[in-house]
Each structure stands twice: as C-alpha cells, then as structure tokens.
A.B. asks: 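The structure follows.
Read the numbers this way: they start at 1 and go in the same order the structure lists the ligands and their atoms.
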Amino acid sequence: MLTLGVNIDHIATIRQARRTIEPDPVAAAFLAELGGADGITVHLREDRRHIQDRDVEILRQTVRTHLNLEMAPTEEMIEIALRIKPDYVTLVPEKREEVTTEGGLDLLSNLDYFAQVVDRLQSSGIPVSWFIDAQEDQIKAAAQTNALFIELHTGKYAEAHDEKSRQQELSFLNQGTQQAKQLGLRVNAGHGLTYWNVYPIACIAGIEELNIGHTIISRAVLVGMERAVREMKLAMQKPQNQENSRK
Ligand code: PXP
C-alpha cells in the first residue's frame with residue numbers, strides 16, 4: 001500500500017522566522033501521525049535554516065511511525081545520522097543559495113564516494129535512499145551503490161507548464177520506477193506534490209512512499225486560521241469571561 005511521509009520542515013521555518021519556540025515540529029509530527037501520516041520526514045540542512053539538531057534528536061524519541069532524515073551526503077551529516085539512527089536517510093544535493101532542493105543528486109559525479117557513504121550508513125543499520133531524477137543512468141548508478149531505496153524527484157512533473165510535458169514527465173517517472181524495481185531498488189517519490197497533482201503519481205505501480213511537505217503545511221495554516229483567531233479573542237478576555245464563554 002502507498003504510504004505518506006509528511007515533511008514538517010516548514011513548521012520549523014515559521015519558528016525560525018522569529019527564533020522562538022513555536023510552532024514546535026515535535027508537536028507537528030505528533031499531530032501529523034494522529035492524522036494518519038505513515039512517516040515523518042525532516043531535512044537537516046547545513047545552514048540549519050529550519051530544522052535544528054535538537055528537533056531531530058527529540059523526534060527520534062517521539063516519532064511512533066518512522067523517521068526519514070533528509071540530508072546532504074557530507075561528513076558532518078553522516079556522523080549525525082550514525083549517532084541519531086533515523087529509520088532511513090534520504091540523501092539529497094544541497095546548495096546554500098537554493099530556496100528548496102532543486103533537483104536530484106548526480107550520482108555519476110562521484111560514484112565511488114557515494115558507494116562508500118551507503119556502505120557506512122547501511123552497515124550501521126540505516127537504509128539509504130538516493131533522491132535522483134528519473135533517468136536511466138542515475139537509477140543504474142543508485143543500484144551500483146547498493147542503496148536499498150531511491151526517491152524519484154517529482155519536481156519537473158509538478159512544474160510542467162502544459163499537459164504534454166506533464167504526461168512526458170509522468171511517463172519518465174513510471175519507466176524509472178519499473179527500471180528501479182527490476183534492479184531490486186525500492187522506490188519512493190516526492191517534491192512539489194500538491195492536493196491537485198498527487199493522484200497520477202499515486203497511481204504509479206511500484207512506488208512505496210510519497211514524501212510531501214509544503215502543500216500540507218500550507219493547508220494546515222489555512223484550515224487552522226479561524227480557530228486560532230477565535231482562541232486569541234478568548235485569550236484577550238478577562239479570565240472570568242473566558243470561563244463563561246467556554247460553558
Ligand atoms: N523529497 C525531498 C528529497 C525533498 O527535498 C523535499 C523538500 O524538502 C520533499 C520531498 C518535499 O517536497 P515538498 O515540500 O515540495 O512537498
């Protein structure tokens with residue numbers, strides 16, 4: 001059955017905008033699980049722009065489903081993963097100046113190093129997933145590193161400007177999934193998926209998990225707005241009146 005990993009990075013983005021303690025991604029993860037999330041995903045970036053080390057440490061103890069740690073394949077991050085032991089890691093390219101992850105990792109750029117990274121993590125019991133584009137050579141390279149998973153980058157599909165290119169990207173993702181399965185890889189997918197474009201991706205046979213963040217956090221902010229304002233109006237009243245209006 002297709003599962004949903006909820007990426008809660010942008011809860012931390014809101015918190016970091018004020019460098020305060022709210023909203024706490026730990027609370028968001030708990031509520032996401034109550035809502036049916038099958039897993040929780042966080043991206044610990046080198047610049048710590050949203051998720052902090054403290055978040056990952058506490059989530060490791062509190063997440064009841066599975067914790068997917070997204071990170072760049074750098075020495076600093078590998079050491080953190082080996083210490084915290086998430087249920088799996090998704091290795092992504094990372095550029096300081098980017099707003100979000102811009103595309104899949106180019107595994108061919110340093111295949112020997114990437115194979116060593118997989119070996120270090122997987123021999124410590126942490127399955128590895130490579131975030132890559134649905135390209136034949138990248139999928140082959142992922143299998144050569146002995147990683148257990150890939151996550152196919154759905155960003156180009158999500159950003160396609162017309163139906164023809166959307167169908168083209170969908171077909172690359174479908175073919176990529178089948179190629180990966182034949183090579184013994186397990187397949188996840190994500191990036192840029194929304195309530196409006198998710199269904200055709202959810203229909204691709206062989207994909208196990210979708211990692212979705214921005215659209216869910218965006219909706220959570222809006223569907224909670226009315227209640228949040230109502231609660232502030234209550235908080236502004238004298239305690240005596242608050243009691244009355246609760247009755
Ligand atoms: N998968 C990967 C590898 C990502 O880097 C991200 C963004 O952090 C996502 C999935 C989720 O993307 P979105 O926030 O667009 O749903």
A.B. asks: What do we get for His153 next to ligand 1 when only non-hydrogen atoms under 4.0 Å count, side chain, backbone, both or neither?
C.D. replies: neither
A.B. asks: Determine whether the side chains of His43 and Asp9 contain a donor N or O and an acceptor N or O closer than 3.5 Å.
C.D. replies: no
A.B. asks: Do the side chains of Arg48 and Glu76 get close enough for a salt bridge, i.e. N-O under 4.0 angstrom?
C.D. replies: yes
A.B. asks: Show the atoms of ligand 1 that are less than 4.0 angstrom away from any heavy atom in Ile212.
C.D. replies: 16 (O)
A.B. asks: When you measure from the heavy atoms of Val92 to every atom of ligand 1, does any distance fall below 4.0 Å?
C.D. replies: yes
A.B. asks: Is atom CD1 of Ile21 surrounded by more than 12 heavy atoms (other residues, nucleotides or ligands) closer than 6.0 Å?
C.D. replies: no
A.B. asks: Over 60° means perpendicular and under 30° means parallel, so tell me whether Phe149 and Tyr88 are parallel, tilted or perpendicular.
C.D. replies: parallel
A.B. asks: Heavy atoms only, cut-off 4.0 Å: how does Glu151 contact ligand 1, side chain, backbone, both, or neither?
C.D. replies: side chain
A.B. asks: If hydrogens are left out, which of His10, His191, Glu70 has an atom nearest to atom 2 (C) of ligand 1, that is, the closest non-hydrogen atom?
C.D. replies: Glu70
A.B. asks: Tell me whether His43 has any N or O atom under 3.5 angstrom from an N or O of ligand 1.
C.D. replies: no
A.B. asks: Going by the side-chain contact (heavy atoms from CB on, under 4.5 Å) test, name the single residue among Val89, Leu121, Leu91 that passes it with Ile78.
C.D. replies: Leu121
A.B. asks: Closest non-hydrogen protein atom to atom 8 (O) of ligand 1, residue and atom name please, with distance?
C.D. replies: Asn7 ND2, 3.3 Å
A.B. asks: Just wondering, more than 12 heavy atoms not from Asp162 lying within 6.0 Å of its CG?
C.D. replies: yes
A.B. asks: Return the option from Arg45, His214, Met71, His50 holding the heavy atom at the smallest distance from atom 14 (O) of ligand 1.
C.D. replies: His214
A.B. asks: CZ of Arg54: more than 12 outside heavy atoms within 6.0 angstrom?
C.D. replies: yes
A.B. asks: If the threshold is 4.0 Å, N to carboxylate O, is there a salt bridge linking Arg45 and Glu70?
C.D. replies: no
A.B. asks: Near Asn211, which atoms of ligand 1 are under 4.0 Å from a heavy atom of that residue?
C.D. replies: 10 (C), 11 (C)
A.B. asks: Students should be able to answer this: which protein heavy-atom is nearest to atom 16 (O) of ligand 1, and at what distance?
C.D. replies: Gly213 N, 2.8 Å
A.B. asks: For atom 15 (O) of ligand 1, find the nearest protein heavy atom and state the residue, atom name and distance (0.1 Å precision).
C.D. replies: Gly192 N, 2.8 Å
A.B. asks: Do any nitrogen or oxygen atoms of Phe131 come within less than 3.5 Å of a nitrogen or oxygen of ligand 1?
C.D. replies: no
